[in-house]
Asker: 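To start, I am sharing the structure in question, which I have written as structure tokens.
Counting starts at 1 for both ligands and their atoms, in listed order. What you see is a predicted model, and the numbers here were worked out from it, not measured in a lab.
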Amino acid sequence: MKVGIFGAGWVGLVTGSCLADLGHDVVIRDVVPEKVAALREGKVPFHEEDVPELLERNRDRLSFTLDAGEVADGADFLFVCVDTPPTHSGDADLSRVWTVIDELPPLEERTVLVMKSTVPVGTGEKVRAGLDARGLGNVGYVSNPEFLAEGRAVADFMNPDRIVIGAYEAADGDAVEALYDGVDSTVVRCDVNSAEMIKLAANAFLMTRISFINEIANVCELTGADVTKVAEGVGLDHRLGPHFLRAGIGYGGSCFPKDSLALKQLASNSGYHFQLLSAVIEVNELQKRRVIAKLQKHLGRLRGKHVALLGLAFKPHTDDMREAPSIVLASRLLAEGAEVTVWDPVAKPNELLKGVTARESPLEAVRGADAAVIVTEWPELRELASPETLEAMSGTLIVDGRNLLDPDEVRAAGFAYEGVGRSSSPVTALPASEEEPAPTT
Ligand code: UGA
């Protein structure tokens with residue numbers, strides 16, 4: 001099949017390279033000339049495992065263009081993979097989707113427009129009407145949301161839990177289903193509105209699990225339970241399952257924060273106050289800030305203190321810093337007057353992290369630090385509680401925002417340890433301060 005893809009972002013490139021690997025001819029279009037030029041030279045503009053290899057392996061079946069006409073020419077399918085960022089109101093900004101519709105040239109043969117971008121429920125109906133108004137009645141419309149997680153997107157595409165296909169015409173849905181021949185998965189066929197809602201509801205449910213376990217963790221801290229054991233025991237109930245029960249410093253990324261706001265706003269625009277989702281979002285915001293209180297508990301006032309943030313990306317195996325907890329933490333620490341050094345193996349500090357100093361290794365980042373904070377659970381940080389770290393730091397506190405380390409081992413190595421939802425080390429020596437006492441929360 002000939003597949004055109006609008007948008008050479010993360011979703012478009014993963015989708016395009018995987019479809020090429022399934023044997024289809026794929027043309028990917030983007031509006032940024034530098035991006036298209038780089039991709040033609042085989043350079044991938046982000047860090048995602050397996051994508052460079054897929055692009056290389058399928059070179060003959062993949063091309064890149066700036067021209068909307070070229071991508072549509074003779075295409076059996078046109079995938080919309082543009083981003084839908086939040087507007088100030090929290091609604092999804094669909095302007096890039098509408099630009100794609102506006103740019104479609106007249107199409108002689110039947111072509112199916114496939115929506116991969118995450119969009120509010122009702123978008124398909126509006127696009128369908130827009131296509132008809134443009135005289136593009138022979139363009140079919142199918143909602144086929146993506147369920148790819150960053151860092152494992154190619155594996156998610158090739159081995160999905162399900163493929164969701166919502167179509168107005170059954171034949172268009174059949175055609176999209178056939179496109180995935182070679183991918184072994186359950187296919188959910190439904191109407192377009194339901195397909196759109198499946199995507200939003202799945203992400204909202206995952207976020208609900210994270211905020212739920214984070215609140216359980218916070219209660220564990222007050223009552224002496226260990227959330228990692230609690231999550232293990234809870235997750236073994238087959239009705240609940242073990243996934244997305246890792247307590248930490250909150251979710252981030254390009255999807256969850258944006259999609260939660262979009263669903264909340266969608267409900268609100270439709271006359272419904274989605275209370276549970278509002279709480280999930282608020283819990284997540286507060287969770288990031290709890291690290292500051294843990295630092296203050298051991299260090300007193302943070303002005304003039306040196307804190308090393310280890311990990312910038314919103315999760316490991318990606319360089320994506322969108323809505324990363326590291327940004328909120330760094331801003332709060334700088335606002336408190338702390339000195340902040342940072343380390344990440346792939347993500348580099350961006351304009352939102354002005355004022356921090358980047359270091360090349362965890363050891364360099366913690367040199368002279370009063371405290372080290374594990375913000376992202378990079379595997380390299382498993383060895384953090386080493387004699388070298390202890391010698392390099394001026395203090396002994398490790399705040400483990402991802403429960404990556406074993407508290408007993410860390411303490412045995414001479415550090416004070418604060419995890420999330422686990423017993424904390426006693427405060428040994430609060431530094432004398434002439435200023436007012438530090439908050440104790
Ligand atoms: C998420 C979903 O997992 C994908 O299914 C979905 O397709 C994607 O959003 C999207 O809408 O495009 P992603 O944001 O890449 O994927 O990353 P996740 O692995 O889901 O992690 C999201 C955040 O939740 C991270 O900040 C992670 O640290 C946090 N998390 C995850 C926890 O705090 N605890 C957990 O138990 C799991």
Side-chain angles (χ1 to χ4, degrees), residues 7 9-15 46-49 81-86 92 115-119 144-157 159-164 196-218 227-228 230-232 234-235 240-263 280-281 283-285 287-288 290-291 311-329 347 374-378 400-404 419-421:
W10 178 78
V11 174
L13 278 180
V14 172
T15 304
F46 50 78
H47 180 85
E48 179 65 46
E49 268 169 43
C81 298
V82 294
D83 54 342
T84 52
M115 185 61 71
K116 270 275 168 217
S117 303
T118 303
V119 293
N144 173 220
E146 57 91 6
F147 299 98
L148 313 171
E150 289 187 33
R152 44 162 299 139
V154 171
D156 283 346
F157 189 99
N159 299 293
D161 290 343
R162 75 306 210 183
I163 295 170
V164 173
E196 292 167 344
M197 185 57 103
I198 288 171
K199 165 69 190 200
L200 294 174
N203 272 4
F205 206 168
L206 292 170
M207 285 177 262
T208 304
R209 286 177 70 101
I210 297 171
S211 280
F212 177 81
I213 201 68
N214 281 339
E215 288 218 285
I216 292 288
N218 299 341
V227 75
T228 58
V230 173
E232 184 187 335
V234 169
L240 299 172
H243 304 288
F244 278 69
L245 287 180
R246 273 182 290 114
I249 51 175
Y251 60 77
S254 62
C255 305
F256 282 179
K258 155 180 97 71
D259 292 351
S260 55
L261 284 180
L263 180 53
V280 165
I281 295 167
V283 167
N284 195 58
E285 277 314 305
Q287 196 69 13
K288 301 177 202 168
R290 287 176 66 87
V291 169
L312 293 175
F314 82 98
K315 66 175 193 178
H317 311 295
T318 173
D319 58 355
D320 197 341
M321 284 179 53
R322 283 176 286 180
E323 301 292 332
S326 62
I327 297 172
V328 171
L329 278 179
I374 298 179
V375 184
T376 315
E377 63 275 37
W378 283 104
D400 184 357
R402 300 292 180 176
N403 289 345
L404 181 71
V420 179

Asker: May I ask you to check if ligand 1 and Glu146 share an N or O to N or O distance below 3.5 Å?
Answerer: yes

Asker: Could you tell me whether some N/O pair between Trp10 and ligand 1 is separated by less than 3.5 angstrom?
Answerer: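 Trp10 vs ligand 1: no N/O contact under 3.5 Å.
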
Asker: Using residues 320-327 as the side-chain source, report each donor-acceptor pair under 3.5 Å to any protein atom, sequence neighbours left out, with the distance given to one decimal.
Answerer:
{"unit_1": "Asp320", "atom_1": "OD1", "unit_2": "Arg322", "atom_2": "N", "d": "2.9"}
{"unit_1": "Asp320", "atom_1": "OD1", "unit_2": "Arg322", "atom_2": "NE", "d": "3.1"}
{"unit_1": "Asp320", "atom_1": "OD2", "unit_2": "Arg322", "atom_2": "NE", "d": "3.3"}
{"unit_1": "Asp320", "atom_1": "OD2", "unit_2": "Arg322", "atom_2": "NH2", "d": "2.9"}
{"unit_1": "Ser326", "atom_1": "OG", "unit_2": "Leu312", "atom_2": "O", "d": "2.7"}

Asker: Is there a side-chain contact between Leu329 and Ile249, using heavy atoms and a 4.5 Å cut-off?
Answerer: yes

Asker: Nearest protein heavy atom to atom 23 (C) of ligand 1, by residue and atom, and its distance?
Answerer: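 Atom 23 (C) of ligand 1 sits closest to the protein heavy atom Tyr251 CB, 3.6 Å.
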
Asker: Please determine whether any non-hydrogen atom of Arg402 lies less than 4.0 Å from an atom of ligand 1.
Answerer: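 Yes.
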
Asker: What part of Asn203 sits under 4.0 Å from ligand 1 if we count only heavy atoms: the side chain, the backbone, both or neither?
Answerer: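 Only the side chain of Asn203 comes within reach of ligand 1.
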
Asker: Taking the side chain as every heavy atom from C-beta outward, state whether Leu263 and Met197 have any atom pair closer than 4.5 Å.
Answerer: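 Counting from C-beta outward, Leu263 and Met197 do come under 4.5 Å.
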
Asker: Identify the protein heavy atom lying closest to atom 30 (N) of ligand 1, giving its residue, its atom name and the separation to 0.1 Å.
Answerer: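 Of the protein heavy atoms, Ile210 CD1, 3.4 Å lies nearest.
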
Asker: Taking the side chain as every heavy atom from C-beta outward, state whether Lys258 and Thr118 have any atom pair closer than 4.5 Å.
Answerer: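 Answer yes - side chains close enough.
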
Asker: Do any heavy atoms of Asp259 fall under 4.0 Å from ligand 1?
Answerer: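 The answer is yes: ligand 1 sits under 4.0 Å from a heavy atom of Asp259.
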
Asker: Decide yes or no for Leu13 and Phe46: does some side-chain heavy atom of the first lie under 4.5 Å from some side-chain heavy atom of the second?
Answerer: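 Yes, close enough: below the 4.5 Å cut-off.
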
Asker: Would you mind checking which non-hydrogen protein atom is closest to atom 25 (C) of ligand 1, with the distance to 0.1 Å?
Answerer: Phe314 CD1, 3.6 Å

Asker: Spell out, as yes or no, whether a donor-acceptor pair under 3.5 Å connects the side chain of Asn144 to the backbone of Val164.
Answerer: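 Judged by distance alone, yes, a pair lies under 3.5 Å.
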
Asker: What protein heavy atom is closest to atom 20 (O) of ligand 1, reported as residue, atom name and distance in Å?
Answerer: Phe244 CZ, 3.3 Å

Asker: Indicate yes or no: does an N/O atom of Leu206 lie under 3.5 Å from an N/O atom of ligand 1?
Answerer: no

Asker: For atom 15 (O) of ligand 1, what is the closest protein heavy atom, and at what distance to 0.1 Å?
Answerer: Glu150 N, 2.7 Å

Asker: Measuring from atom CG of Asn203 to atom CG of Asp259, what distance do you get when rounded to the nearest 0.5 angstrom?
Answerer: 5.0 Å

Asker: With a 4.0 Å cut-off on heavy atoms, is Gly248 in contact with ligand 1?
Answerer: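 No; Gly248 lies far enough from ligand 1 that no heavy-atom distance drops under 4.0 Å.
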
Asker: Which residue and non-hydrogen atom of the protein lie closest to atom 22 (C) of ligand 1, and at what distance in Å?
Answerer: Phe256 CE1, 3.5 Å

Asker: Please determine whether a side-chain nitrogen of the Lys or Arg among Lys199 and Glu196 lies less than 4.0 Å from a carboxylate oxygen of the Asp or Glu.
Answerer: no

Asker: Which residue owns the protein heavy atom closest to atom 9 (O) of ligand 1, what's the atom, and how far is it?
Answerer: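 Ranking protein heavy atoms by distance from atom 9 (O) of ligand 1, first comes Cys255 CB, 3.3 Å.
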
Asker: Could you check which of Lys315, Lys199, Glu377 puts a non-hydrogen atom nearest to atom 19 (O) of ligand 1?
Answerer: Lys315

Asker: Any side-chain donor paired with an acceptor under 3.5 Å for Glu48 and Trp10?
Answerer: yes

Asker: Under the side-chain hydrogen bond (donor to acceptor under 3.5 Å, both in side chains) test, which residues partner Asp319, sequence neighbours left out?
Answerer: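 Scan of Asp319 (side-chain hydrogen bond (donor to acceptor under 3.5 Å, both in side chains), adjacent residues dropped) gives none.
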
Asker: Nearest to atom 4 (C) of ligand 1, what protein heavy atom do you find, and at what distance?
Answerer: Leu148 O, 3.5 Å

